[in-house]
Every structure is written in C-alpha cells, then in structure tokens.
Amino acid sequence: MPSASNALFRKLPSIDELMRMPAIAELASQHGASVGAVTDAAREVLARLREEIATEKLRAEEVDAAVSRIVLAVQQHLRREFAPSLTRIINATGVILHTNLGRAPLSEAAIAHIGEVARGYSNLEYDIETGERGKRDVHVQGLFSRLLNVERESSYEVHTVVVNNCAAAVMLALNSLAEGGEVIVSRGELVEIGGSFRVPDVMAKSQATLREVGTTNRTRIADYEKAINEKTRLLLRVHRSNFAIVGFTEQPSLEELVALGRKHKIPVLEDLGNGALVNLEFVGVTGETGVAESIRAGVDVITYSGDKLLGGPQAGMLSGRPELIAKIRSNPMFRALRVGKLTYAALEATLMDYLRGNHDAIPALRMMRLSADEIRLRAESLSKAIGNAPRVLAGVIAGESIIGGGTAPTAVLPTFLVTLTCANLSADELLARLRSNVVPIAARVEDGRVVIDLRTVLPGQDRQIAEALAAISA
Ligand SMILES: *Cc1c(COP(=O)(O)O)cnc(C)c1O
C-alpha cells in the first residue's frame with residue numbers, strides 16, 4: 001500500500017472511536033436499532049471510505065470532509081436499513097391500473113376490513129354455527145353469485161374460487177381440466193400479458209398440449225372444429241388484453257364457441273383477465289365483455305383478476321359450472337395457490353361496495369368516472385399554484401388517460417394534463433426529481449415535456465405535487 005494513502009487511512013477513526021461518539025450512540029435510540037445494528041452500519045461506512053480511498057475515488061483533499069460527515073453517513077445508512085422497501089407513490093401517470101404501481105388502490109371499506117380481520121382471529125376456516133372446520137372459499141362464493149346475477153339468467157348455478165392472481169387461475173384451470181390432453185387456441189390469442197405471462201408457456205407448465213388453429217388475424221369456428229380429436233379437453237378463448245387486431249379480421253363469437261363445445265362435450269374456458277363485474281359503460285369503458293356476459297353466453301369456466309377492472313386486491317378468480325369448479329378445487333395445486341385472509345377481507349369488502357351500488361367508493365372506478373371537466377378544473381388550479389414557482393413553467397392541455405392493467409387496449413379516457421418545463425432541467429431530469437420527492441411522484445413524458453395527469457392522483461395529493469414543484473424550483 002503506498003504510504004500516501006496510509007496517511008489518509010490514518011485520518012479515519014477506528015470503529016471503537018466511532019462507537020464512543022455520543023452522536024453515534026444516540027442513533028440506536030432514534031432508529032429503534034440495536035447497538036449491533038449501529039456497529040454494523042458504522043463498519044460498513046468505514047469500509048466504504050477505505051475502499052474509496054484505496055481506489056482513489058475519494059481524493060486526498062476530500063478525506064477530511066468525508067470524515068466530518070461520518071455520523072451523517074451512518075445515520076443515512078440506518079435510515080435506509082430501517083425504512084420499509086415498499087412505499088407510497090403518487091401516481092400522476094394517468095394509467096389507472098398501473099401494474100408497476102400496484103394496480104388498483106383499495107376502497108376504504110376494504111382497508112378497514114383488512115385491519116379488522118388482521119388484528120385478531122377470524123372465522124377464515126371455521127363454521128361459527130357448528131364450531132367445526134369450515135372452508136375459506138365460502139366467504140365470497142355467495143357474493144360473486146349475487147353480483148354476477150346469474151341464478152335466473154344462466155344455464156347453470158355459478159361457483160367461484162379464488163387464487164393468488166389470474167395467471168395462477170389460468171394455470172390451475174388448464175392443469176385441472178386438460179392435463180395430458182389438448183387445448184385448442186386461436187393463433188390470434190397466443191398473447192403475452194406482460195411480466196412474462198405467455199399463453200404457450202403457461203400451457204406447457206400446466207401439462208396440457210397447445211393446439212393452435214387459424215392465423216393471427218383470422219380464425220373461423222370451422223378451424224376449431226377441424227382440430228377437435230379424442231385428446232381435446234378444452235376450447236380456450238384468451239382476451240386480447242393489451243393489443244387489438246384491426247382490419248381484415250375474424251374471430252368466432254363466444255356463442256359459436258360454446259355451441260361447438262356443447263356439440264362435442266368439450267368445456268369452453270375463457271381467460272378474461274380484466275374481469276369487469278358490472279357493465280362499465282357508465283364509467284366510460286366500452287367494448288369490454290364482463291364476467292356475467294360470458295356466463296350468459298354459456299362459457300363453462302372464466303378466469304379474471306381481482307385488481308384490474310374489478311378494483312380490488314390482487315387475486316385470480318375462477319367462476320363457472322359447479323362440477324368443473326369442484327374439480328379445480330380438488331386439485332392439490334389449488335391448495336398451493338390459495339389466498340390468505342387479508343385477500344378475502346379486501347375482496348369481500350370490495351364486493352360489498354358493488355352489492356350496495358357504491359361504485360364511487362372503489363377508487364379505480366371513481367377514477368374512470370371522473371369527467372375531463374372535473375380534471376381540467378384541478379389541472380388549472382395546480383397550474384396556477386405552480387405559477388408561483390420561479391423556474392417551472394406550467395400549462396394545461398387536453399390529453400388521454402389510460403385504463404391499463406391489460407384492459408381494453410383501445411380504451412382511453414379524455415383528460416386534461418398539466419405540462420411542466422423547468423429551466424435548467426431536462427424532462428428526464430425533472431422526472432427524476434419528482435421521483436426523489438419525500439412521497440415519490442411518478443409522471444410521464446409526452447412530446448419532450450413532463451405531463452401530470454390528475455385523474456390518478458388521489459384527493460389531497462394535488463397540493464403535495466405543487467409543493468414538490470415549488471421545492472424543485474427553489
Ligand atoms: C392480466 C391478465 C392475466 C394475468 O392476470 P394477473 O392477475 O396479473 O395474474 C391473464 N390473462 C389475461 C387475459 C389478462 O388480461
């Protein structure tokens with residue numbers, strides 16, 4: 001080791017000297033950390049400084065300043081270590097069901113019910129009347145049946161079970177109903193949903209053989225019929241969640257698919273993904289077939305997500321014919337994919353909001369329902385508030401919000417955007433500054449400018465955005 005850096009190393013305190021400093025001793029009580037954790041943090045900070053001196057990342061003249069900041073560095077290290085990794089974010093992207101930002105925010109009722117159920121014991125698998133062991137899936141079975149309102153209209157009584165997410169639901173359905181056999185799918189539906197959920201791969205893992213029919217843009221019912229053989233176990237329809245095929249296209253209707261399945265005694269499985277429980281035209285979403293519609297069309301099992309258009313917790317539902325749902329429930333894979341009490345609590349409370357017709361209580365639905373005019377008023381008042389920040393220029397323009405989460409690929413909602421330009425910061429730098437706010441703010445860039453869509457910003461957060469921009473501008 002060269003003697004020059006030896007001299008620099010000697011400027012660093014020893015771990016014992018550091019631990020004797022009152023400011024360091026105080027850190028343990030501040031962070032609720034043990035003395036051991038503080039010692040570890042101090043060791044790490046010293047090791048990093050040594051490393052930076054050795055690699056000359058820290059120049060000789062900078063060492064004294066770094067030493068004077070050691071207590072601060074240990075404090076920052078502890079703060080990071082004792083802070084949760086999962087943290088709140090303000091979603092100003094205008095993407096309502098943003099998969100990277102946790103999809104649907106929960107309703108107040110759902111949050112309260114989680115708290116209630118989590119705080120103590122519950123009847124998760126306990127029959128209160130008999131005092132005997134019960135089943136966890138009874139808690140939402142009745143609610144789904146009532147909401148899907150199918151008792152009178154459909155040809156069968158609908159049963160529903162819940163697993164961890166829709167990907168799990170699809171895998172479980174394929175494995176339970178088609179293991180060792182063939183599943184017929186149109187080439188126009190061999191989709192990748194994102195997060196590497198690809199229909200052919202899921203099929204392979206479910207031990208079912210994919211039988212592709214038709215072409216990317218056109219598949220006829222006759223294509224399905226020709227592919228049917230003694231090994232066929234299912235006809236699968238996959239919702240084209242995140243793209244649309246337009247132009248010269250053809251796809252058999254659900255009714256045609258169901259009629260073909262009946263003729264050959266082969267069930268139809270529909271992976272709907274988005275899972276609208278009610279007709280969402282009243283919130284501005286058109287062109288989405290809901291779960292009830294599929295049941296009415298006679299589909300035998302439907303899989304859908306809890307945190308997409310339903311607006312509840314992450315979960316995957318399988319709704320369908322009692323005998324098929326019973327088969328799914330008896331698969332050992334179901335036990336491995338089942339959900340916990342927190343999910344049931346959130347789901348049940350969300351379904352109760354639906355049952356009461358309290359759609360505005362479900363944040364995702366309320367956000368979809370916000371009119372462009374309401375958003376314009378908020379955008380103008382935010383833009384005015386920002387007007388006081390000397391270096392940020394704000395304006396309001398018309399734009400579009402996206403529902404997201406693999407729903408209605410063509411569904412956009414008219415909105416108004418606050419445009420932001422900041423002297424001496426590029427759009428990407430401004431985005432990064434917004435992300436580094438105490439409560440990080442996620443926005444997007446359009447035409448080289450940062451834009452804020454208040455549709456997805458919760459009440460009360462508009463002001464936090466204004467404050468963040470004032471701080472950035474200062
Ligand atoms: C989103 C989606 C899935 C996956 O749902 P997760 O709940 O994210 O697992 C599967 N299929 C379709 C058609 C989807 O849209």
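Atoms within each ligand, like the ligands themselves, are counted from 1 in listed order. Values reported hereafter were calculated over all heavy atoms of this structure, with side chains retained and with hydrogens, waters and symmetry mates removed.
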With side-chain hydrogen bond (donor to acceptor under 3.5 Å, both in side chains) as the test, pick out the partner of Asp137 among Arg329, His159, Arg338. Arg329
Counting from 1 in the order shown, the ligand 1 atoms closer than 4.0 Å to a non-hydrogen atom of Arg103 are 6 (P), 7 (O), 8 (O)
Under a plain distance cut-off of 3.5 Å, with no hydrogens placed, do His239 and Glu270 share a side-chain donor-acceptor pair? no
Donor-acceptor contact present, side-chain Asp300 to main-chain Val268, <3.5 Å: yes
Give the contacting part of Gln314 toward ligand 1: side chain, backbone, both or neither, where contact means a heavy-atom distance below 4.0 Å. neither
Sub-4.0 Å atoms of ligand 1 with respect to non-hydrogen atoms of Ala167: 4 (C), 5 (O), 6 (P), 9 (O)
Taking the ring of His359 and the ring of Phe282, is the distance between their centroids below 6.0 Å? yes
Test of understanding: given a 4.0 Å heavy-atom threshold, classify the contact between Glu189 and ligand 1 as side chain, backbone, both, or neither. neither
Short side-chain donor-acceptor distance under 3.5 Å, Asn217 and Thr215: yes
Run the contact test for Val170 against ligand 1 with a 4.0 Å cut-off on heavy atoms, strictly below, and give the result. no
Heavy-atom donor-acceptor pair, Arg455 side chain to Arg369 backbone, under 3.5 Å: no
With a cut-off of 4.0 Å, which atoms of ligand 1 are near a heavy atom of Ser305? 5 (O), 6 (P), 7 (O)
State whether a side-chain donor-acceptor pair under 3.5 Å links Glu182 with Asn229. yes
For the 3.5 Å polar cut-off, considering only N or O atoms, please tell me whether Cys166 and ligand 1 meet it. yes
Below the 3.5 angstrom mark, is there an N/O of Asp271, backbone or side chain, next to an N/O of ligand 1? yes
Which atoms of ligand 1 have any heavy atom of Lys308 under 4.0 Å away? 1 (C), 2 (C), 3 (C), 5 (O), 14 (C), 15 (O)
